[in-house]
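To start, the structure itself, in structure tokens.
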Amino acid sequence: MTSLPNEPVTLAIIGCGQRGTRYTEYALDHPKKCKVVAIAEPRPNTRDIFARNHKLDRTLVFSDWQELLKASADTIQTIGKRLADAVIVAVQDHMHCEVVVAFAAQGYHILCEKPMATNLQDCLEMEKAVKNAGIICGIGHVLRYSPYNKAVTEVVHSGQLGELINVVHVEPVGYFHFAHSYVRGHWKKESESSFSLMTKSCHDIDILCHWLSPALPTRVSSFGSLQHFRKEKKPRAAGAATRCLECSVEQDCPYSAKKIYLEPVSRGNTHWPASTIVDGIPDIENITDALRNGPYGQCVYESDNDVCDHQVVNIEYSSGATVSFTMVAYTSLICERQTRLHFTHGEIVGDMNSFTVTDFHTGHKTTHHPKKEGSGHGGGDVGLMRTFVEAVRTNNQELLGTDISEVLKSHLTVFAAETSRREGTVIDCAKFEKDIRAELEMR
């Protein structure tokens, strides 16, 4: 619980980029529920803007998370109190484990952006740290918390359509979104982050497992590759150009950095994705500089990306149910999942905006239009923040509907799928987990 039950839950934010900013919009909109009291962010303009927006005491504004951690340790030692009730971890994926373990050791409740971590050992260390600390912990599997998915889940778990037999689920990443994040951006190289199924779609696997629960994944197979964003696919007419600003055929390319970043800013749109490639508020000058000198101005066929641009995953569950999941870059839709759930006595067909329930008993079709909240993941960002804050306030992990061990289970399914893709084999999930745990314990 919070130190003062009638006061807002206090938050320290580690990483004030897109995700840190999006989560903390809830604090600005609901100041009686929670408030940001400390931050750590290395980029000076981003840090200053965030601090001003939340009216922070400048003594609690830090340039890196270790400084915040030390200040917290000093405060605990001198007055026996942490700087905040909870920490939101929104740094780059490969940093999650180190940050979570450090703040869990100080007793902070933690909301960590997805994925848990980029490798299995870090995931297991995070699970151990959270359990040992006895803290509330949420992971940014925001799909669970949107009004749309909560309404679908209610129908799924009600039993009114009988037994869930099969799910077909597609994540259309979006052609320019994929180019931004997974060809030019932070998640383009597995060695610097992780494979794209983990970084993009772990929360899809999570909600699929949630719908099929209490059944567990038993076998998984997967296929996929990096098909298009490769040097040999570069149009001949582009010649030796390595940047969009110097390319003679840029205007004909759907992945043009000018089209994705510069042209929207010239029309006054300073939001995503342009807001993520500069420190501070985007303008013509700083965006142009970023395209001339940074990775976001590179030709998509000249980047050093190596993660899959399409992947399918097939999962069999202990109930006998099956799932087919597809993640694909080449879509006009941007992350608007398309889902079909097939039951013994009905079906659900949805697109993240609305879903239609068909009852085979009566032949009756009912279309639902759940209300959207906020702009992130159909309200999932707001929903997760609201739930996490209440879980911290009441010291009740159950409000989140999951815990660190269940999150780890769905991550293990993602790792198993990627192992299948690489090795060309069907993976036994129970054996995979047993072998991984044994291997890591021997290290």
Could you walk me through whether Ile79 and Thr75 pass side-chain contact (heavy atoms from CB on, under 4.5 Å), step by step?
CA-CA 6 Å; Ile79 64 172; Thr75 302; 3.6 Å; yes

Going through the checks in order, is the side chain to side chain donor-acceptor pair (under 3.5 Å) test met by Asp93 and Thr118?
CA-CA 6 Å; Asp93 301 345; Thr118 58; over 6 Å; no

For Ser72 and Gln106, run side chain to side chain donor-acceptor pair (under 3.5 Å): C-alpha distance rounded to whole Å, both residues' side-chain angles, the deciding distance at 0.1 Å, then the answer.
CA-CA 8 Å; Ser72 174; Gln106 290 192 354; 2.5 Å; yes

Residues Thr402, Glu406; criterion side chain to side chain donor-acceptor pair (under 3.5 Å); working and verdict:
CA-CA 6 Å; Thr402 188; Glu406 185 180 356; 3.0 Å; yes

Worked verdict on Glu336 versus Lys372 for salt bridge (charged side-chain N to carboxylate O under 4.0 Å, His left out)
CA-CA 13 Å; Glu336 294 183 32; Lys372 287 190 175 183; 5.9 Å; no

Apply the test salt bridge (charged side-chain N to carboxylate O under 4.0 Å, His left out) to residues Arg19 and Glu25: give CA-CA distance (whole Å), side-chain angles for both, the deciding distance (0.1 Å), then the verdict.
CA-CA 10 Å; Arg19 297 307 295 155; Glu25 288 174 0; over 6 Å; no

Show the numbers, then the answer: is there a side-chain contact (heavy atoms from CB on, under 4.5 Å) between Arg43 and Cys16?
CA-CA 9 Å; Arg43 295 167 296 176; Cys16 301; 5.7 Å; no

Verdict with supporting geometry, Phe432 and Thr413, side-chain contact (heavy atoms from CB on, under 4.5 Å):
CA-CA 9 Å; Phe432 179 80; Thr413 304; over 6 Å; no

Please step through ring-ring contact (aromatic ring centres under 6.0 Å, His included) for the pair Phe229 and Tyr182, ending with a clear verdict.
CA-CA 10 Å; Phe229 295 111; Tyr182 303 94; over 10 Å; no

Please test Tyr301 against His228 for ring-ring contact (aromatic ring centres under 6.0 Å, His included), starting from the C-alpha separation and ending with a verdict.
CA-CA 8 Å; Tyr301 306 104; His228 182 67; 5.2 Å; yes

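Phe415 contributes atom CZ, which lies 5.0 Å from atom CZ of Phe195 (distance to the nearest 0.5 angstrom). In this structure, CD on Glu390 lies 6.5 Å from CG on Leu399, to the nearest 0.5 angstrom. To the nearest 0.5 Å, atom NZ of residue Lys114 and atom CE of residue Met198 are 10.0 Å apart. The NZ atom of Lys409 sits 15.5 Å away from the CD1 atom of Ile205 when rounded to the nearest 0.5 Å. Between Ser318 atom OG and Leu212 atom CG the span is 8.5 Å, to the nearest 0.5 Å. With values rounded to the nearest 0.5 angstrom, Ser420 atom OG is found 8.5 Å from Asn314 atom CG.
Side chains of Asp57 and Thr59: a donor-acceptor N/O pair is present below 3.5 angstrom, by distance only. Residues His310 and Ser225 have side chains that bring a donor and an acceptor to within less than 3.5 angstrom of each other. Side-chain contact annotation: Asp122 with Asn119, donor-acceptor N/O pair under 3.5 Å present. Between the side chains of Gln18 and Thr276, no donor-acceptor pair is found at a separation under 3.5 Å. In the model, Tyr148 has no side-chain atom that pairs as donor or acceptor with a side-chain atom of Ser354 under 3.5 Å. Side chain to side chain, Lys131 and Ser405 meet the donor-acceptor criterion of an N or O pair below 3.5 Å. Residues Asp204 and His169 have side chains that bring a donor and an acceptor to within less than 3.5 angstrom of each other. No donor-acceptor contact under 3.5 angstrom links the side chains of Trp187 and Ser196, judged on distance only. With hydrogens and angles left out, the side-chain atoms of Thr322 and Glu316 include no donor and acceptor closer than 3.5 Å. One side chain, Ser222 or Gln311, offers a donor N or O that lies under 3.5 Å from an acceptor on the other.
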Give the table of side-chain donor-acceptor pairs shorter than 3.5 Å for residues 325-335, with sequence neighbours excluded, one pair per line with atom names and distance.
from   : atom 1 : to     : atom 2 : distance (Å)
Tyr330 : OH     : Asp309 : OD2    : 2.4
Thr331 : OG1    : Gly174 : N      : 2.9
Thr331 : OG1    : Leu333 : O      : 2.8

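Within a 6.0 Å sphere centred on NZ of Lys150, heavy atoms belonging to other residues, nucleotides or ligands number 12 at most. The 12-atom threshold is exceeded at CZ of Arg144, counting heavy atoms of other residues, nucleotides or ligands nearer than 6.0 Å. Residue-environment remark: CD (Glu154) stays at or below the threshold of 12 foreign heavy atoms within 6.0 Å. Within a 6.0 Å sphere centred on CD1 of Ile281, heavy atoms belonging to other residues, nucleotides or ligands number 12 at most.
Counting heavy atoms from C-beta outward, Met352 and Leu143 have side chains that approach closer than 4.5 Å. No side-chain heavy atom of His368 sits less than 4.5 Å from a side-chain heavy atom of Ile348. The shortest side-chain heavy-atom distance between Thr46 and Phe50 does not fall under the 4.5 Å cut-off.
Side-chain N or O atoms of Glu373 include none that pairs as donor or acceptor with a backbone N or O of Gly378 at under 3.5 Å. Side-chain N or O atoms of Arg184 include one that pairs as donor or acceptor with a backbone N or O of Gln298 at under 3.5 Å. Panel note: side chain Thr24, backbone Thr21; a donor-acceptor pair is recorded below 3.5 Å. Judged purely by atom type and a 3.5 angstrom limit, Arg421 has no side-chain atom pairing as donor or acceptor with the backbone of Ala417. Panel note: side chain Tyr145, backbone Leu400; a donor-acceptor pair is recorded below 3.5 Å. Within the 3.5 Å criterion, the main-chain N or O of Pro42 finds a donor-acceptor partner in the side chain of Arg47. Using a distance-only test at 3.5 Å, with no hydrogens or angles considered, a donor-acceptor pair links the side chain of Asp306 to the main chain of Glu190. Put simply, the side chain of Tyr26 never gets that close to the backbone of Val389: no donor and acceptor are under 3.5 Å apart. The closest donor-acceptor contact from the side chain of Asp85 to the backbone of Val9 lies at 3.5 Å or more, if one exists at all.
The aromatic ring centroids of His203 and His210 lie 6.0 Å or more from each other.
Of the options Ile88, Val100, Val99, a side chain to side chain contact (heavy atoms under 4.5 Å, CB included) to Cys112 is made by Val100 and by none of the others. Evaluated for a side chain to side chain contact (heavy atoms under 4.5 Å, CB included) with Ile436, the options Lys434, Glu433, Glu439 yield exactly one hit, Glu439.
Using cut-offs of 30° and 60° for the angle between ring planes, the His180 and Trp272 rings count as perpendicular.
Residues forming a salt bridge (Lys or Arg N to Asp or Glu O under 4.0 Å) with Asp351 (at least two apart in sequence, or on another chain): none.
Listed by first and then second residue, the ring-ring contact (aromatic ring centres under 6.0 Å, His included) pairs involving residues 122-143 are His141-His411 (not counting sequence neighbours).
A salt bridge is defined here as a Lys NZ or Arg NE, NH1 or NH2 lying under 4.0 Å from an Asp or Glu carboxylate O, and Asp74 with Lys70 meets this definition.
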